[in-house]
Amino acid sequence: RIADSINDIALEAALSRRQLERKFRDWLGRTPAEEIRRLRLARVRELLAETDLSVAEIAKASGFSSLEYMSTAFKSATGLTPLRYRSTVRAR
């Protein structure tokens, strides 16, 4: 399960949000928000490749707040729209 917010992670880790952000940068070289986005996009790629769920269903299942935000983030990360990615991966 991908956390819904940075505050959820901080609470679970018994750290302040600032402490969590500092530790993330030290350990992973990225912020908690960047890591959440990375995990959500990995889930999108997995669902696009392995299921017939609609893009809207995938956005919801991946924890994105909207289809539009997921599509924008996905294209920014991969250079492809979600549907183009799906067709490319399945053609292999």
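Any value given below was found using the heavy atoms of this structure, including those in side chains, with hydrogens, waters and symmetry copies removed.
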Fill in: Intermediate values then yes/no, salt bridge (Lys or Arg N to Asp or Glu O under 4.0 Å), R90 and D52
CA-CA 11 Å; R90 289 187 176 186; D52 291 323; 2.9 Å; yes
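- In the hydrophobic clustering of ILVMFWY residues, with side-chain heavy atoms under 4.5 Å counting as a link, L11 and L39 come out apart.
- Closest heavy-atom contact between I9 and F24: CG2-CE1, 4.5 Å.
- Of the possible polar contacts, one joining the T51 side chain to the L47 backbone as a donor-acceptor pair under 3.5 Å is found.
- Exactly one residue among Q19, K23, R17 makes a side-chain hydrogen bond (donor to acceptor under 3.5 Å, both in side chains) with E21. That residue is R17.
- With rounding to the nearest 0.5 Å, the separation of OG1 in T88 from CG in L83 is 10.5 Å.
- Remark: the E68 side chain and the S71 side chain contain no N/O donor-acceptor pair separated by less than 3.5 Å.
- For the pair M70/V55, a side-chain contact is recorded, criterion being any heavy-atom separation below 4.5 Å from C-beta on.
- In this structure, T81 and F74 have side chains that are not in contact, with every pair of non-hydrogen atoms separated by 4.5 Å or more.
- Inter-residue side-chain proximity for Y85 and K75 is flagged as unmet; no heavy-atom pair is nearer than 4.5 Å.
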Worksheet item: Yes or no on salt bridge (Lys or Arg N to Asp or Glu O under 4.0 Å) for R38 and E35, after CA distance, side-chain angles and deciding distance?
Response: CA-CA 5 Å; R38 187 188 71 75; E35 180 64 7; 2.7 Å; yes
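- Here the straight-line distance linking atom CD of E46 with atom CD1 of I58 works out to 10.0 Å at 0.5 Å rounding.
- Residue Y69 is grouped with residue L67 when hydrophobic side chains (ILVMFWY) are merged at heavy-atom distances under 4.5 angstrom, including chains of intermediate members.
- The closest donor-acceptor contact from the side chain of S62 to the backbone of A59 lies at 3.5 Å or more, if one exists at all.
- In this structure, R86 and L48 approach most closely via the heavy-atom pair NE-O, 3.0 Å.
- Atoms CZ and CG, from R22 and L20 in turn, are 10.5 Å apart once rounded to the nearest 0.5 Å.
- Other residues, nucleotides and ligands contribute only 12 or fewer heavy atoms inside 6.0 Å of the CZ atom of R84.
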